[in-house]
Amino acid sequence: MESRYKSYKNIENLKDYIGETITLNGWVHNKTEKGKLVFIMLRDGSGFVQCVVFKGNVSEEIFENAKRLTQETSISLTGSVREDNRAPGGFEIDVTDLKIYHLAKDYPITPKEHGDAFLLENRHLWLRSSKQMAIMRVRAAVIKAIRDFFDGNGFKLMDSPILTPSACEGTSTLFETKYFDLGSAYLSQSGQLYAEASCMALGKVYTFGPTFRAERSKTRKHLTEFWMVEPEMPFFDLNDDMDLAEDLVEYIVRYCLKTCQKELEVLERDTTKLEKIKRPFYRMSYTEAVDWLHKNNIPLKKKIDGQEVDILPFPWGEDFGAVQEEAIMEQFDKPCIIHRYPAEAKAFYMKRDPENPKVVLAMDMLAPEKSGEIIGGSQREDDYDALYQRIVEHNLPLEAFQWYLDLRKYGSVPHSGFGLGVERTVKWITGAAHIRETIPFPRMIYRIVP
RNA sequence: UCCUGAGUAGCUCAGCUGGUUAGAGCAUCUGACUGUUAAUCAGAGGGUCGGGGGUUCAAGUCCCUCCUCAGGAGCCA
């Protein structure tokens, strides 16, 4: 493509330049000297390539400069591209010219092992490591897949506000901030309520953005700031909702398999497990899941007076914890949707099942390989009186939900939606050890820097 | 918030029952080598043992306290 700005050749396209002399810009990932040879592993963001400087091929000055190179020094180098099976990646550059932009000194991250705390403190530099780069590239692919899927299926993007006047669900804790003379505003913990309003205007919509939860949780599945995509569809019932969730997840996985082979290889991900992710996924109701727990003697683990006790059989009505989720998922090689949860355990806006008022038309999708919940969704309550009563029952401020109740006053329709957590999806697909590795700059309870 | 564990060189760690001048590997610097790819070999520099207090002739080591970090639970995407 002709462009008005400088365009450089990229390492990922090297196979198009075999035999040509090209200039590459990048950073020194590693360097080894061997007498009259200097090997430079060059990184440019698109990939890595080994470059060889031979004393006999360059001037004294260039060779001395090659010997001075340190890890993460930024350089521009020129040389011919050659296939070579001695080089990692299969290509090599015979360097004829070398220019140093900036000589880096004492780069803290070495090719050896490092601890988690150290790497997190140096997240701004850790991102340059090959595995972190690969995860970020998969993340970009996951987000692209999500947008392509919705844009290609008649959805409109309708962004929800990040500053909100009050809780969407009332349950989770919110980050609070001052808002001029209007008192407090809160960082959004879900765009759903606004997506519901949007879908009554534009039909199928999705909202995509950061979400904030001030929960004091400290696990490898939680961030205080994470990205969520939330589709909302008028005239969809719970079954349509579940079908859409399956289609989306299948599309994301297939897109990553198609476009991120190299990245998944760097991450040593077993892609045969991802190849199996095809519809139909598994489905069971909450009640069926509880029956299964009974049959397999899986207890409810509860803390009473600081003592952990096992309760058998698992009592109907209790929410599943990590123990139950993992036990259920162990039998599956594909995601499983669990639907129709006890009403008490779930949010106020979820519609009761007309066939069993003790449960709501909600669903969670659990991913295999101990990846946990990646989707939570429901059919929404569309009856004005029922919703009004729920808001009162949950002790939520009625005046804050007046606009939301309006949606049930002016042409209410059955509608459904769900939220998919981007980082949890990336964690599952990449096999990353911790969710903090799936977002460029993670925000966690005890870390906000860098 | 609760439970568990850890803080010693730039990094990853060892350091016994309290006992001379606190160690190793990597990284850094100097030198050797035309195939390294976490190179190898030879040499050099590098320490407030997380902070504070206490016990003792003597504390990295024992006690108290505070701080920081990690893992797990609950909550959730």
Side-chain angles (χ1 to χ4, degrees), chain A residues 29-42 48-57 63 67-68 70-72 84-90 92 94 104-122 125 130 169 171-173 189-192 210-230 245 300-303 305-308 318-323 325 345-347 364-367 371-377 418-428 433-436 438-439 444-447:
Chain A
H29 191 68
N30 207 351
K31 181 201 77 175
T32 46
E33 278 179 66
K34 186 106 179 40
K36 292 173 184 162
L37 287 172
V38 177
F39 296 97
I40 302 162
M41 186 57 78
L42 185 73
F48 297 86
V49 66
Q50 175 162 287
C51 310
V52 190
V53 187
F54 175 50
K55 197 171 183 177
N57 287 352
F63 191 72
K67 281 180 29 172
R68 287 203 300 147
T70 55
Q71 208 188 341
E72 291 307 318
D84 194 320
N85 53 23
R86 288 174 299 183
E92 203 166 75
D94 283 318
K105 201 152 164 37
D106 295 327
Y107 185 70
I109 300 179
T110 68
K112 290 272 182 174
E113 295 165 34
H114 295 287
D116 297 322
F118 176 77
L119 289 170
L120 282 171
E121 266 153 41
N122 291 285
L125 304 175
S130 57
E169 306 193 13
T171 49
S172 317
T173 352
Q189 60 177 344
S190 164
Q192 180 205 312
T211 346
F212 307 87
R213 305 261 167 107
E215 291 153 3
R216 304 183 78 82
S217 42
K218 185 172 168 357
T219 78
R220 56 183 69 193
K221 286 180 186 163
H222 285 87
L223 294 166
T224 57
E225 177 184 311
F226 63 97
W227 284 67
M228 186 156 68
V229 61
E230 295 171 282
L300 171 70
K301 290 199 184 285
K302 223 176 182 175
K303 258 191 195 154
D305 299 331
Q307 290 286 309
E308 196 166 274
E318 291 285 341
D319 221 343
F320 299 144
V323 180
E325 277 184 10
K346 289 289 176 179
D364 286 350
M365 186 189 288
L366 308 179
S371 303
E373 186 182 338
I374 56 169
I375 281 179
F418 61 83
L420 172 122
V422 169
E423 289 75 16
R424 285 194 182 171
T425 305
V426 174
K427 180 174 182 288
W428 167 43
H434 197 295
I435 198 163
R436 63 189 165 211
T438 64
I439 187 167
M444 294 172 293
I445 175 165
Y446 293 126
R447 184 175 295 284

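Order of the sequence lines fixes the chain letters, A, B, ..., with proteins taken first and strands second; residue numbering starts at 1 for each chain.
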Identify the nucleotide, in any strand shown, that forms a Watson-Crick or G-U wobble pair with [N], with both distances under 3.5 Å; if there is none, say none.
N      : result
B/rU56 : none
B/rU1  : B/rA73
B/rU68 : B/rA6
B/rG25 : B/rC11
B/rG46 : none

Let me confirm one number: the CD-CD1 distance from A/E230 to A/I375, rounded to the nearest 0.5 Å.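 That separation rounds to 11.5 Å.
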
Could you point out which residue of A/E215, A/M228, A/R213 forms a side chain to side chain contact (heavy atoms under 4.5 Å, CB included) with A/Q189?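 That would be A/R213.
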
Rounded to whole Å, how long is the line connecting atom [atom1] of [X] with atom [atom2] of [N]?
X      : N      : atom1 : atom2 : result
A/Q71  : B/rU36 : CD    : P     : 20 Å
A/E121 : B/rA70 : CD    : P     : 9 Å
A/I435 : B/rG71 : CD1   : C1'   : 16 Å
A/H222 : B/rU1  : NE2   : C1'   : 14 Å
A/Q50  : B/rA39 : CD    : P     : 11 Å
A/Y446 : B/rG71 : OH    : P     : 12 Å
A/L37  : B/rA39 : CG    : P     : 15 Å
A/L125 : B/rA27 : CG    : C1'   : 15 Å

Closest nucleotide among [options] to the [X] side chain:
X      : options                : result
A/K218 : B/rU1, B/rA27, B/rC69  : B/rU1
A/E325 : B/rG72, B/rU34, B/rC76 : B/rC76
A/E215 : B/rC11, B/rC76, B/rG74 : B/rC76
A/F118 : B/rA39, B/rC11, B/rG35 : B/rC11
A/R424 : B/rG71, B/rU34, B/rA77 : B/rA77
A/S217 : B/rU37, B/rG74, B/rA77 : B/rG74
A/E373 : B/rA70, B/rA77, B/rA73 : B/rA77

Reckon [X] touches a base, only the sugar-phosphate, or nothing at all at heavy-atom distances under 4.0 Å?
X      : value
A/P108 : nothing
A/G56  : nothing
A/R436 : sugar-phosphate
A/K105 : nothing
A/I109 : nothing
A/D319 : sugar-phosphate

When rounded to the nearest Å, what value does the distance between [atom1] atoms of [N] and [M] take?
N      : M      : atom1 : answer
B/rU17 : B/rG72 : P     : 31 Å
B/rU1  : B/rC11 : P     : 28 Å
B/rC76 : B/rA39 : C1'   : 48 Å
B/rU68 : B/rG23 : P     : 33 Å
B/rG53 : B/rA59 : P     : 14 Å
B/rC16 : B/rC75 : C1'   : 45 Å
B/rG51 : B/rC67 : P     : 15 Å
B/rC13 : B/rG74 : P     : 28 Å

Looking only at side-chain N and O atoms, does [X] come under 4.0 Å of OP1 or OP2 in [N]?
X      : N      : value
A/H434 : B/rG71 : yes
A/K34  : B/rG35 : yes
A/R220 : B/rG72 : yes
A/N30  : B/rA39 : yes
A/R216 : B/rU1  : yes

Within the distance-only criterion (no hydrogens, no angle test), does the side chain of [X] pair as donor or acceptor with the backbone N or O of [Y] below 3.5 angstrom?
X      : Y      : answer
A/Y446 : A/K218 : no
A/R216 : A/I445 : no
A/K31  : A/K67  : yes
A/E423 : A/R436 : no
A/T224 : A/A214 : no
A/T70  : A/A104 : yes

Mapping A/W227 and A/L119 to their closest nucleotides on RNA chain B, which lands nearer the 5' end?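 Counting from the 5' end, the first nearest nucleotide belongs to A/L119.
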
Whichever of A/V422 and A/M444 has its nearest RNA chain B nucleotide further upstream toward 5':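 Between the two, 5'-proximity favours A/M444.
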
Compare the aromatic ring of A/F39 with the six-membered base ring of B/rG35 and state whether they stack according to the 5.5 Å and 30° rule.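 One would not call A/F39 stacked on the B/rG35 base.
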
Kindly give the heavy-atom pair with the smallest separation between A/L300 and A/E318, and that separation in Å.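 Closest pair (atom of A/L300, atom of A/E318, distance): CD2-CG, 3.6 Å.
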
Examine the base of B/rU36 for any acceptor or donor lying under 3.5 Å from a partner atom in the side chain of A/E33, and report the outcome as yes or no.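 Such a pair does not exist between side chain and base.
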
